[in-house]
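Since the model is a prediction, treat every value here as computed from it, not as a measurement. The figures here come from the full heavy-atom set of this structure, side chains too, leaving out hydrogens, waters and symmetry mates.
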Amino acid sequence: MQTLPRLAVIGLGNMGEALVKGLLDRGAAAPTAVVGAEVLAPRAAEASGRLGIAVHTEATEACRGAGAIVLAVKPKDAETILGQVGPVAPGALVVSICAGVSLARLEAQLPAGAPVVRCMPNTPAVVGLGASVYCANRHVGAEGRRTVEALLGALGEVYAVEQEPLLDTVTGLSGSGPAYAFAFLEALADGGVLMGLPRTLARALAAQTVLGAARLAQVSGEHISELRDRVTTPGGTTAAALRELELRGFRSAVIEAVRAATLRSRELGG
């Protein structure tokens, strides 16, 4: 298991807390090796009690002596906070999960040569089933990459891209993707209710069906189209249903949703 440096997590919202909890639950880090920062004292105290780690109200205090810093704050606050913590943790690996904040903007607030990583996780990370994609600057070596993958591995699966603009596409697919899945789950359950199922059962069946299908796609080794064909008997119920989806533009709508989210991510990132 990768030995992690002393870690400071700035911002203990959903993602920041999920990261800390994942690391502690997996035994990847000891509570004494992780420090958090939350600007409001009541929230800092609550987070400390939930997680069992020290939580400061000043980011600079949390970052003193840190070997790695996870920036999990609102994008509008990212550059200001980096300007404050850079001098107290020179050489620390900075991992940002702030949506839309480019590597160049992050680097501009840090000493020259700082190792910086920008990543895009998604909300299933809070249950350990996230998909995180990262892009590292030229100052992040092999050891730094192993640290990043150990950190993000606490949230689920980890992937890397070498071209930063691809993170906009990642945002459109996996970053926003859970919302598409939730919309589909809701519609799937509503279809069951329309045809007579109790709503509680319809929701349970929809969620388990999508969960199982996704897991099968991960582990089977077969192309997704082959898995679809296995369910689709000629002239059967699934064939009839798929025809309706095609007639109503289902596939095209999903593709265009990813495209729209990607373009919007590019706009927001400047």
Side-chain angles (χ1 to χ4, degrees), residues 1-89 92-101 106 109-110 116-132 134 147-158 171 174-176 178-179 182 207:
M1 180 178 291
Q2 173 73 12
T3 300
L4 295 175
R6 183 177 182 277
L7 177 66
V9 181
I10 312 305
L12 292 170
N14 288 337
M15 284 297 176
E17 185 163 326
L19 174 64
V20 173
K21 190 173 186 303
L23 290 170
L24 298 180
D25 288 350
R26 292 183 179 200
T32 53
V34 182
V35 180
E38 266 292 339
V39 66
L40 298 178
R43 290 191 62 178
E46 290 170 5
S48 179
R50 283 195 306 272
L51 298 170
I53 64 170
V55 180
H56 298 280
T57 56
E58 295 290 337
T60 51
E61 287 303 310
C63 291
R64 290 189 192 280
I69 298 169
V70 175
L71 195 62
V73 298
K74 293 179 180 178
K76 67 181 180 63
D77 299 326
E79 291 161 282
T80 299
I81 290 175
L82 275 188
Q84 296 169 354
V85 304
V88 303
L93 173 69
V94 174
V95 180
S96 169
I97 59 175
C98 303
V101 183
L106 297 167
Q109 303 303 318
L110 294 165
V116 184
V117 172
R118 176 184 168 193
C119 61
M120 170 54 65
N122 62 5
T123 56
V126 301
V127 292
L129 293 173
S132 299
Y134 74 91
T147 296
V148 172
E149 293 186 6
L151 286 172
L152 298 178
L155 301 175
E157 299 298 319
V158 187
T171 299
S174 59
S176 299
F182 296 142

Peer 1: Arg50 side chain to Ala45 main-chain N or O, any donor-acceptor pair under 3.5 Å?
Peer 2: no
Peer 1: Nearest 0.5 Å, please: how far is CG in Leu82 from CD1 in Ile69?
Peer 2: 7.5 Å
Peer 1: Using 0.5 Å steps for rounding, measure from the SG atom of Cys63 to the NE2 atom of His56.
Peer 2: 9.5 Å
Peer 1: Tell me if the CD atom of Glu58 is crowded by more than 12 foreign heavy atoms within 6.0 Å.
Peer 2: no
Peer 1: Just so I know, are the side chains of Val70 and Ile10 near enough to count as touching, which here means a heavy-atom distance under 4.5 Å?
Peer 2: no
Peer 1: Any chance you could measure Ile81, atom CD1, to Lys76, atom NZ, to the nearest 0.5 Å?
Peer 2: 9.0 Å
Peer 1: Going from CG on Asp77 to CD on Glu79, what distance comes out if it is rounded to the nearest 0.5 angstrom?
Peer 2: 10.0 Å
Peer 1: Under the side-chain contact (heavy atoms from CB on, under 4.5 Å) criterion, do Leu23 and Leu7 qualify, and how do the steps go?
Peer 2: CA-CA 11 Å; Leu23 290 170; Leu7 177 66; 3.5 Å; yes
Peer 1: Does the side-chain contact (heavy atoms from CB on, under 4.5 Å) test come out yes or no for Cys119 and Val148, once each step is laid out?
Peer 2: CA-CA 9 Å; Cys119 61; Val148 172; 5.9 Å; no
Peer 1: Is there a donor-acceptor pair under 3.5 Å between the side chain of Arg6 and the backbone N or O of Arg64?
Peer 2: yes
Peer 1: Main chain of Thr171, side chain of Ser176: is a donor-acceptor contact present, judged purely on distance under 3.5 Å?
Peer 2: yes
Peer 1: Take Leu71 and Ile97, measure what side-chain contact (heavy atoms from CB on, under 4.5 Å) needs, and give me the verdict at the end.
Peer 2: CA-CA 6 Å; Leu71 195 62; Ile97 59 175; over 6 Å; no
Peer 1: Within a strict 4.5 Å, meaning less than it, do heavy atoms of the Thr57 and Val39 side chains meet?
Peer 2: no
Peer 1: Donor-acceptor pair, Glu38 side chain versus Gly11 backbone, under 3.5 Å?
Peer 2: no
Peer 1: Please determine whether side-chain contact (heavy atoms from CB on, under 4.5 Å) holds for the pair Leu106 and Val94, giving the CA-CA distance in whole Å, both sets of side-chain angles, and the decisive distance to 0.1 Å.
Peer 2: CA-CA 9 Å; Leu106 297 167; Val94 174; 5.6 Å; no
Peer 1: Is there side-chain contact between Asn122 and Ser132, with at least one heavy-atom pair below 4.5 Å?
Peer 2: no
Peer 1: Restricting to salt bridge (charged side-chain N to carboxylate O under 4.0 Å, His left out), what partner residues turn up for Glu149, sequence neighbours left out?
Peer 2: none
